[in-house]
Visitor: 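If you scroll down you'll find the structure; I have some questions about it.
Basis for what follows: all heavy atoms, side chains included, without hydrogens, waters or symmetry-related copies. Counting begins at 1 with the first residue of the sequence.
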Amino acid sequence: MKVLFMCTANSCRSILSEAVFNHLAPRGFAAISSGSFPKGQVLPRSLGTLQAAGISTKGLYSKGNEAFEGSPPDVVITVCDKAAGEACPVYFGPAVKAHWGLKDPSDVQGDEASIQAAFDATLAIIAARCRAFFALPVADLSPADLKTQLERIAQLSPENP
């Protein structure tokens, strides 16, 4: 199963999601990420946070729709923060679509510890949601049921498993 994580800049949340998903993924699952307006570079703190968690950053780069041309995803998950007024990208292909909104940790202001804590918390939320995704009997779910389950998972956080 191919999963596409989409956001606007593809420099932070979608990159973190791609990396965590692939780190935890059982055989047969793979993720890629893209942005509607890719920034062209991954935020260094995104890469540092992944490395500190023992997650590979190999092959991660900020990319647009060319990332999945010729290999359409089965599932598309947007990770922008609608509550913050962000415009989420739209995928028009035939895939199960869900929204896992994440606050942008790169928007956090404060001292170094506060900013890193925001990145670590985002990583923990993504990991909790990915683990819940992998616990689903995906092969037995209809597309509508999978969408329902993905929307349920969107509410999960480490404090609310």
Visitor: If I take atom CG from residue L47 and atom NZ from residue K58, how far apart are they, to the nearest 0.5 angstrom?
Guide: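 Result: 15.0 Å between the selected atoms.
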
Visitor: Please name the pair of heavy atoms, one in S62 and one in K39, separated by the smallest distance, quoted to 0.1 Å.
Guide: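 The pair with the smallest heavy-atom distance is OG-N, 3.2 Å.
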
Visitor: Quick one: CD1 on I77 to CD1 on I153, what's the gap to the nearest 0.5 Å?
Guide: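 Those atoms lie 8.0 Å apart.
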
Visitor: Can you confirm whether L24 sits close enough to R131 that some side-chain heavy atom of one is under 4.5 Å from a side-chain heavy atom of the other?
Guide: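 In contact.
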
Visitor: Can you list the steps and then say if S11 with Q41 is a side chain to side chain contact (heavy atoms under 4.5 Å, CB included)?
Guide: CA-CA 6 Å; S11 63; Q41 69 178 29; 6.0 Å; no

Visitor: Answer yes or no: is there a donor N or O on one side and an acceptor on the other, between the side chain of T78 and the main chain of G101, under 3.5 Å?
Guide: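 Absent.
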
Visitor: Got a sec: does the NZ of K2 have more than 12 other heavy atoms crowding it under 6.0 Å?
Guide: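 Atom NZ in K2 is crowded, with more than 12 foreign heavy atoms closer than 6.0 Å.
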
Visitor: Any idea which heavy atoms bring G70 and P72 closest together, and the distance?
Guide: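 Smallest heavy-atom distance, with atoms named: C-CD, 3.7 Å.
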
Visitor: Do S114 and D111 have side-chain N/O donor and acceptor atoms under 3.5 Å apart?
Guide: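 Checked: S114/D111 side chains pair up, N/O donor to acceptor below 3.5 Å.
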
Visitor: Does C80 reach the side chain of H99, with side-chain heavy atoms less than 4.5 Å apart?
Guide: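 The answer is yes; the side chains approach within 4.5 Å.
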
Visitor: Take the angle between the ring planes of F21 and F134 and call it parallel below 30°, perpendicular above 60°, tilted in between.
Guide: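 Because their plane-to-plane angle lies in the 30° to 60° range, the rings of F21 and F134 count as tilted.
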
Visitor: To the closest 0.5 Å, what do you measure between SG (C7) and CG (D104)?
Guide: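 Reported to 0.5 Å precision, the distance equals 7.0 Å.
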
Visitor: I want to check something: taking the side chain as every heavy atom from C-beta on, are W100 and L150 in contact at a cut-off of under 4.5 Å?
Guide: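 They are in side-chain contact.
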
Visitor: For K97 and A95, work out which heavy atoms get closest and say how close.
Guide: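 So the minimum-distance heavy-atom pair works out to NZ-O, 3.2 Å.
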
Visitor: Are any of the side-chain heavy atoms of N22 and F29 separated by less than 4.5 Å?
Guide: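 Of all side-chain heavy-atom pairs linking F29 with N22, none is under 4.5 Å.
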
Visitor: Measure from the side-chain N and O atoms of D145 to the backbone N and O of L141, and report whether any donor-acceptor pair falls under 3.5 Å.
Guide: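 Flag not set: sc D145 to bb L141 has no pair under 3.5 Å.
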
Visitor: Would you call E112 and R45 a salt bridge, using N to O less than 4.0 angstrom?
Guide: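 Result for this pair is yes, salt bridge flagged.
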
Visitor: Would you say C12 and L16 make side-chain contact, with heavy atoms under 4.5 Å?
Guide: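 They are in contact (side-chain heavy atoms under 4.5 Å apart), so the answer is yes.
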
Visitor: Is Q109 atom CD crowded by more than 12 heavy atoms from other residues, nucleotides or ligands, each under 6.0 Å away?
Guide: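 No, CD of Q109 has 12 or fewer neighbouring heavy atoms, counting only those of other groups under 6.0 Å.
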
Visitor: If Ile, Leu, Val, Met, Phe, Trp and Tyr residues are connected whenever their side-chain heavy atoms lie under 4.5 Å apart, and connections chain through other members, are Y61 and L50 in the same group?
Guide: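 Hydrophobic grouping puts Y61 apart from L50.
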
Visitor: State, with a plain yes or no, whether a side-chain heavy atom of V108 is found less than 4.5 Å away from one of F119.
Guide: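 A side-chain contact is absent here, since even the closest heavy-atom pair is not under 4.5 Å.
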
Visitor: Got V20 and L123 here, is their nearest side-chain heavy-atom distance under 4.5 Å?
Guide: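 Yes; the side chains approach each other to less than 4.5 Å.
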
Visitor: Using 0.5 Å steps for rounding, measure from the CD1 atom of I125 to the CZ atom of R13.
Guide: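 I125 CD1 to R13 CZ: 11.5 Å, rounded to 0.5 Å.
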
Visitor: Please walk me through it: do S33 and K63 pass side chain to side chain contact (heavy atoms under 4.5 Å, CB included)?
Guide: CA-CA 7 Å; S33 64; K63 51 210 166 290; 3.2 Å; yes

Visitor: Does anything in residues 118-130 pair up under side-chain hydrogen bond (donor to acceptor under 3.5 Å, both in side chains), and if so which pairs, sequence neighbours excluded?
Guide: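 Every pair satisfying side-chain hydrogen bond (donor to acceptor under 3.5 Å, both in side chains) with a residue in residues 118-130: Q116-D120.
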
Visitor: Please give me the minimum heavy-atom distance between I115 and G110, naming the atom from each residue.
Guide: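 Closest pair (atom of I115, atom of G110, distance): CD1-O, 3.5 Å.
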
Visitor: To the nearest 0.5 Å, tell me how far L156 CG sits from I126 CD1.
Guide: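 One finds 13.0 Å between CG of L156 and CD1 of I126.
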
Visitor: Any side-chain to backbone donor/acceptor pair from K147 onto A98? Under 3.5 Å, distance only.
Guide: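 No: the side chain of K147 does not pair with the backbone of A98.
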
Visitor: Can you tell me if S34 and N10 form a side-chain donor-acceptor pair at under 3.5 Å?
Guide: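 The criterion, which ignores hydrogens and geometry beyond distance, is not satisfied for N10 and S34.
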
Visitor: In terms of hydrophobic clustering (I, L, V, M, F, W, Y; side-chain heavy atoms under 4.5 Å; direct or indirect links), are F37 and V42 co-clustered?
Guide: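 No, separate clusters.
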
Visitor: If we only count heavy atoms from C-beta on, is the M1 to L146 side-chain gap below 4.5 Å?
Guide: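 Yes, at least one pair of side-chain atoms sits under 4.5 Å.
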
Visitor: Working to the nearest 0.5 angstrom, can you tell me the gap between L60 CG and S46 OG?
Guide: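 One finds 9.5 Å between CG of L60 and OG of S46.
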
Visitor: Quick one: hydrophobic cluster around I32, which other residues, with the 4.5 Å side-chain cut-off, linked directly or via members?
Guide: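 Hydrophobic cluster check, I32: joined to L4, M6, F68, V76, Y91.
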
